[in-house]
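Everything below concerns the one structure shown next.
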Amino acid sequence: MAPSVRATVLLLLLLAASSSSQAAQAAEDGIRVLSAEKRIDLTGPIVKVFLTLKVQNTATGADASHVLIAFTPAEADHLAIVKATRAEGKRKKKTYIPLPVSPADPATAAPNGARLYSISLPTPLKPTDTTTVEVFYVLTHSLEPFPAEITQSESQLVYYRDSAVLLSPYHVQEQGTYVKTPSSRVESFTRVDPTSRSGPDVKYGAYSNQLPYAYSPIILHYENNHAFAVVEELVRKVEISHWGNVQVTEHYKLKHGGAKHKGVFSRLEYQARQSISGASSFKNLLARLPPRVHSVYYRDEIGNISSSHLRSDSYKSELEIEPRYPLFGGWHCTFTIGYGMPLQDFLFESADGRRFANLTFGCPLLNTVVDNLTIKVVLPEGSKSPQAVVPFETEQHLETSYSYLDVVGRTTVVIKKKNVVGEHNVPFQVYYEFSPIFMLAEPLMLVTAVLLFFAACIVYLHTDLSIAKSQASS
């Protein structure tokens, strides 16, 4: 290689190293992680990660108002929700303060496409001070079935990919990773010494003095026969009537998101040995509905499905449903759930005189992933200035719906969100203005229709439509 070429290559390498170092230093911002504990829960179809960080601001750093956490591009694409809390106090007096989490400034550079999220601290972390931050996040569609196709009698095996060391924009002094699988059948796992395994648990670490953005890939191949229930599309329609009822209709497009079924399905074998034949399939789901529901129905394209059970009390309602056939990997089904709720449990009046409906976001089916969720809140006719308050980012717009006896139509608030999990099942509010005079519109229309009917009858009875007199005169 010519000397000039060598000099050019060396210069480029030095510039790349300098820019990477500057990016890491900018992200580090004087903070270092004294200890980190990462616990990965793989016992279900959804990956749940609990991360505990003890961070310290260096003596030479400025006051730090936020802490950064990093995700790989694949994790960021499948990230459903991320929460953070700050632990204060000790032992029984320990309390947890929720902390806002948001994507970091895109201008903040991170190597290898890592995506940063910023956790805002309630009070700035002064130099030499320490604090403990606990992070919880959920990853969907992160388990890869392998083999991708299985027969009815085979168990389902999946791959999970992660890092033995914590991906962090900060220097990490000490860290350990703990992985929990649903059973002791772990076909294989990557070893990054020190690594140990005890039954369904795999421990990586402890590791010391990890540089910023350190990454050590690992793969776990293990058995997971839990129901991989994926709602490809859920459309929930909530109709609010000031006459005392809230009607909810939910349309589901459901599939089994696990390893695809191959071969011929034998119902006889399935009924005879359910624990062995079709271990990865599922034939029922549990929906958690609000208390005091009534007029509950469950049907599909063929008609009403009677194989459902409702358990209801003053605190909760649980609807256990069974599709017409068990679902294996790659199989689909569609169905509708409908029910009514008393209006007084959900409609309230705010201090400024507006009314608001306090509803629950998310999907009532437990342990499911919703790829596309649409909630339509149909307000009473005559409602004005609607406003939906949801505690996370959603897509919203307004449209007009029509029902019986409507004149100008009903204002409908449409809320959409992708990648929804059980942690999204939190209350949200829809505020609107409404004048009670509009409640008289439908009764007046009914009264007017009845009066017009009787008037038409009277006119008809008093009208002589006979032609006998004209025939006699002729």
Side-chain angles (χ1 to χ4, degrees), residues 76-82 100-103 106 138 140-141 230-242 245-254 289-290 334-341 343 346-350 352-365 368-435 438-439 441-442:
D77 291 339
H78 298 290
L79 186 64
I81 193 169
V82 54
V101 183
S102 60
V138 177
T140 62
H141 302 294
V230 178
V231 180
E232 295 180 299
E233 185 177 9
L234 169 57
V235 179
R236 176 193 293 171
K237 187 176 182 180
V238 183
E239 299 181 78
I240 299 175
S241 172
H242 282 181
N245 188 58
V246 177
Q247 183 63 39
V248 180
T249 307
E250 299 172 344
H251 301 281
Y252 291 85
K253 291 183 179 179
L254 180 72
L289 307 179
T334 59
F335 57 89
T336 300
I337 298 176
Y339 52 91
M341 304 181 297
L343 180 67
F346 303 93
L347 188 64
F348 305 93
E349 186 172 345
S350 61
D352 58 2
R354 292 188 300 169
R355 314 208 179 186
F356 69 92
N358 190 45
L359 305 170
T360 301
F361 201 84
C363 174
L365 296 181
T368 57
V369 178
V370 182
D371 290 340
N372 296 281
L373 172 64
T374 301
I375 299 179
K376 297 183 177 183
V377 183
V378 184
L379 302 176
E381 192 173 27
S383 300
K384 298 179 180 180
S385 304
Q387 179 188 9
V389 180
V390 187
F392 34 78
E393 185 177 354
T394 58
E395 178 185 342
Q396 300 182 16
H397 68 271
L398 299 178
E399 63 183 30
T400 303
S401 302
Y402 293 90
S403 184
Y404 303 105
L405 302 177
D406 287 345
V407 179
V408 296
R410 303 185 183 188
T411 301
T412 302
V413 180
V414 181
I415 306 172
K416 294 185 177 182
K417 185 170 179 58
K418 297 180 180 294
N419 207 18
V420 176
V421 293
E423 283 69 21
H424 288 112
N425 293 5
V426 297
F428 75 100
Q429 297 76 37
V430 177
Y431 290 82
Y432 62 96
E433 298 177 1
F434 182 79
S435 176
F438 284 98
M439 294 186 65
E442 292 183 2

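The analysis underlying the following values was restricted to heavy atoms, covering all of them including side chains, and did not include hydrogens, waters or symmetry mates.
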Distance col, row Glu393:CD vs Lys417:NZ, nearest 0.5 angstrom, shows 7.0 Å
Spell out, as yes or no, whether a donor-acceptor pair under 3.5 Å connects the side chain of His251 to the backbone of Thr336. no
Heavy-atom closest pair (Gly409 atom, Thr400 atom, distance to 0.1 Å) is CA-CG2, 3.8 Å
Residue pair Val426 / Pro391: nearest heavy atoms and the distance that separates them: CG2-CG, 3.7 Å
How long is the straight-line distance from CG of Leu234 back to CD1 of Ile375, given to the nearest 0.5 Å? 7.5 Å
Could you walk me through whether Val390 and Gln396 pass the side chain to side chain contact (heavy atoms under 4.5 Å, CB included) test, one step at a time? CA-CA 10 Å; Val390 187; Gln396 300 182 16; 3.8 Å; yes
Rounded at 0.5 Å granularity, tell me how far CD in Glu395 sits from CG in Leu373. 11.5 Å
Strictly distance-based, threshold 3.5 Å: is any side-chain N or O of Glu349 a donor or acceptor partner for the main-chain N or O of Arg355? no
Taking Gln247 for the side chain and Tyr339 for the main chain, is one N or O donor matched with an acceptor at less than 3.5 Å? yes
Out of curiosity, Ser385 OG to Arg354 CZ, how far, rounded to the nearest 0.5 Å? 8.0 Å
Tell me the closest heavy-atom pair linking Asn425 and Cys363, and the distance in Å. ND2-O, 2.9 Å
Say you draw a straight line from OG1 of Thr412 to CG of Leu379; how long is it, rounded to the nearest 0.5 Å? 7.0 Å
Which value, rounded to the nearest 0.5 Å, describes the distance between Leu254 atom CG and Thr368 atom OG1? 8.0 Å
Keeping Ser241 on the side-chain end and Asn245 on the backbone end, is there a donor-acceptor pair under 3.5 Å? no
When you look at Asn419 and His141, which way does the side chain to side chain donor-acceptor pair (under 3.5 Å) test go after all the steps? CA-CA 9 Å; Asn419 207 18; His141 302 294; 5.0 Å; no
Is the shortest distance from a Lys or Arg side-chain nitrogen in Glu250 or Arg236 to a carboxylate oxygen in the other one below 4.0 Å? yes
With Phe428 as partner, the option from Phe361, Phe392, Phe356 fulfilling ring-ring contact (aromatic ring centres under 6.0 Å, His included) is Phe361
Closest heavy-atom pair, Gly382 versus Phe434, reported as atoms and distance to 0.1 Å, is C-CD1, 4.2 Å
Looking at every non-hydrogen atom in both residues, tell me the closest pair between Ala388 and Val413 and how far apart they are. CB-CG1, 3.9 Å
CA sep, side-chain torsions, deciding dist, call: Glu233, Lys253, salt bridge (charged side-chain N to carboxylate O under 4.0 Å, His left out): CA-CA 5 Å; Glu233 185 177 9; Lys253 291 183 179 179; 3.5 Å; yes
Shortest non-hydrogen separation from Ser383 to Tyr432 and the atoms involved: OG-CD1, 3.5 Å
Is there side-chain contact between Pro290 and Thr360, with at least one heavy-atom pair below 4.5 Å? no
